[in-house]
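First up is the structure itself, then whatever we jot down about it.
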Protein chains: 2
Amino acid sequence: MNAPKLARVIDIHALKSACSSCSLREMCLPTGLDQNEIEKLDQMVYTRKRVKRGDSVYRSEEKFGSLYAIRSGFFKTTLVMEDGRDQVTGFQMAGDMLGMDGIGADQHTCNAVALEDSEVCVIPYGRLEELSREMHVLQQHFHKVMSREIVREHGVMLLLGSMRAEERLAAFLLNLSQRFTSRGYSASEFNLRMTREEIGSYLGLKLETVSRTFSKFQEDGFISVQQKNIRILDTPGLKKVLGRDQ
Amino acid sequence: MNAPKLARVIDIHALKSACSSCSLREMCLPTGLDQNEIEKLDQMVYTRKRVKRGDSVYRSEEKFGSLYAIRSGFFKTTLVMEDGRDQVTGFQMAGDMLGMDGIGADQHTCNAVALEDSEVCVIPYGRLEELSREMHVLQQHFHKVMSREIVREHGVMLLLGSMRAEERLAAFLLNLSQRFTSRGYSASEFNLRMTREEIGSYLGLKLETVSRTFSKFQEDGFISVQQKNIRILDTPGLKKVLGRDQ
DNA sequence: TGGGAATGTTGATGTGGATCAAACCAATTC
DNA sequence: GAATTGGTTTGATCCACATCAACATTCCCA
C-alpha cells in the first residue's frame, strides 16, 4: 500500500514462481511427481501477479486465457445481474483455484476480487492443457479440482435452498474453520476478510440477519465475535445447529 | 413397462452405441472430428444402459467409475442431508452429461434419478482420460462441459440467493424452454417431467408456492398450465418478470 | 490527528412465502 | 365404475427474515 508504483511493478516481474519450492504444493498440485515432472510445472507457471485489495484478477465478460492459483491472500467471486443486484458465489483462499468458469465460453462469467492484498500464480490455460496431455497425474489432478468445485457448489445450493439463517451461518463458519485448519491455521480463531454484507450475499441473507445471528451465536456461547475477529468456542454446538431440522 | 424382463435384458446387450451415427453428436461431443477420431470415440462408448423411471444411474457415496451421456429421457440429481431433507440440484435431458461430481473424491456425491424411462451412454472415465490425452479436441470439449456445469451452478446460486419466487419460476421456465429449443423441440409448449414438489425443491420453494405462481402466471397471461402441460404465451412478459428488481 | 465514510449493531415493524388444511383431479387398479 | 393413490390447487393463518431506522464503532487518509 505504501510502496511507490515503480517498486511494485518491478516486484511483479521479479517474482519468478517455482512450484517446486512452493509451500502450497500439496494444495494446488498433484503429489508424487518426479523431478522431471516438477520441472515441467515450473515452466508452466512462469508468472506471479500481485493483486491489491479491491482489485480484480479478472472480470465478467473478459476474454479467458489463464487460470489463477492463489498463492496468498483472500478473494471473492461475484456475479452481477442486469438490474444491478449482485451475489457473491464464493470465497477463495491460498491454494484455491480461480477462473475455471471461463473455460466453457472462452470468457469469464464472474468477477474475482481480492479482499486483501494477494498474490496469484498465473497458469496459462493452453499450457496447462498441453502439459496435462503429457502428464497423467496433472490431468487427473486438474479434473479433480474442477469436479470439487462442482461439488462445492452443490453444497451451496443445498445451503441456499434448504437451510434457515442459523444453519447457513453455522455451515459457513464451520467451513471456513475447516479450510483454515487444512492450511495450518487455527481452527478456532480467525479474522473474517469479508464484510457482513458479503457474507449475507453469499448466504442469501441480509447483512442485518448475519449480524443478528452472529450475536445470537455469541449469546448461545458458540462463538465470540469482535467485529471481524471470530473465535469458535463450541464446534459441536455449531454442528448441532446444522443438524437439527427446524 | 409391459415388456417381460427377459426381453428387456436382451435389449440392453443388443444396444451397441455408435457416436458416429448419434443424432446428439453435436450436443455431447466435440465437432469437427475426422473419421479416425470418430472411430476412437465409438470405442470409448461401448455400452448404453436403459434406466427405468424412478431408477438411478448412480447414487451418492457409490464408487465412481463412469460418466453418463443422456441419450434420451429426463433426469434429476438430488442431494440428501443427514436429517433427511433433500434438494434437487439439477434437471438433465438428452445431450447432458451426468456424473462429473464423482471425479473429485472418486465417489458420487448425489443421486441421478430418471424421471421417465431413459437411456444413457456409459463413458468409462479412465478411457475418457486416456483418449483426451490423445485427442486435443476431446480434451477441450470435456473441459468445456465441466466448466459449463460450474457456470450453470453459479446461475442457480444467483437464483436461490437473490431472486423472489416469481423470478425463480420465470427463470426456470425460460431455461427449460431454451433447452428444449436447442434440442429441436417446441420452445412454447412442453410437458414437465417433474412434479411441483421437485420444481420447488430445485428452486428453494414449497410446492404450494410453485403451484400458486403457475396460477398467477396464467392469470397474467404469460403461460397456460394444464397439470404437466405448459404453454408459454408471452416470453417477453416472462422475461420482464425476471428483469424487474422487486 | 481528526473528521467523515464505511461498516456493524440493535430495535420496531412489515411481508413473502411457509405451513396447515381441505378439496379437487387424473390415472391406476380391482 | 368405485376405490385408491399421487399429484395439484386454493384458502387461511403464521413466522422467519426483510426492511426501515437510529446509533455505535472502526478505518481511513487529508
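None of the values given here were measured: they were computed from a predicted structure. Just the heavy atoms: all of them, side chains too, but no hydrogens, waters or symmetry mates, feed the values below. Chain letters run A, B, ... following the sequence lines, proteins first, then strands; residues in each count from 1.
Atom pair B/F214:CZ and C/dC24:P shows a separation of 23 Å (rounding to whole Å applied). One interatomic measurement links the two molecules: CG of A/L115 to C1' of C/dA6, which rounds to 15 Å at whole-angstrom precision. Regarding B/Q226, its CD atom lies at a distance of 17 Å from the P atom of C/dC24, rounded to whole Å. Between A/N191 atom CG and C/dT7 atom C1' the separation is 15 Å, expressed in whole Å. When rounded to the nearest whole Å, the span between CE of B/M163 and C1' of D/dA18 equals 18 Å. Look at NZ on B/K206: it is 17 Å from P on D/dT9, rounded to the nearest Å. Nucleotide D/dC17 holds its C1' atom 14 Å from the NZ atom of A/K216, rounded to whole Å. Atom pair B/F217:CZ and D/dT9:C1' shows a separation of 16 Å (rounding to whole Å applied).
For the residue pair B/N111 and B/S56, no side-chain donor N or O sits within less than 3.5 Å of a side-chain acceptor on the partner.
Taking 4.5 Å as the limit, some side-chain heavy atom of A/D96 sits within range of a side-chain heavy atom of A/R183.
Contact annotation: A/S211 reaches the phosphate of C/dT9 (side-chain N/O to OP1 or OP2, under 4.0 Å). The shortest distance between the side-chain N/O atoms of B/R164 and the OP1/OP2 oxygens of D/dC17 is not below 4.0 Å. Put simply, A/K228 has a side-chain N or O that comes within less than 4.0 Å of OP1 or OP2 on C/dG8.
Residue-level contact check: A/G204 touches the backbone only, with heavy atoms under 4.0 Å from sugar-phosphate atoms and none from bases. Across all strands, A/E208 comes closer than 4.0 Å to base atoms (heavy-atom distances). Within the 4.0 angstrom heavy-atom criterion, only backbone atoms of the sugar-phosphate kind lie near A/T195; the bases stay farther away.
Atoms CG and CG, on A/L176 and A/L192 in that order, are 6.5 Å from each other to the nearest 0.5 Å.
Nearest to the side-chain atoms of A/L207 among the listed nucleotides D/dC28, C/dT9, D/dA18 stands C/dT9. Set against D/dC17, C/dG8, C/dC20, the side chain of A/Q227 has C/dG8 as its closest nucleotide. With D/dC17, C/dT9, D/dT9 as the candidates, the nucleotide lying closest to the side chain of A/A165 is D/dC17. In this structure, of D/dT10, D/dT19, C/dT9, it is D/dT10 that holds the atom nearest to the side chain of B/S215.
Ring geometry for A/Y202 against A/F91 counts as perpendicular: the plane angle is over 60°, on a 0 to 90° scale with 30° as the lower cut.
Between the side chain of A/R196 and the base of C/dT10 there is no donor-acceptor pair of N/O atoms closer than 3.5 Å. For C/dG16, its base never sits under 3.5 Å from the side chain of B/R212 at any donor and acceptor pair.
The pair A/E167-B/R85 meets the salt-bridge criterion, since a charged nitrogen lies less than 4.0 angstrom from a carboxylate oxygen.
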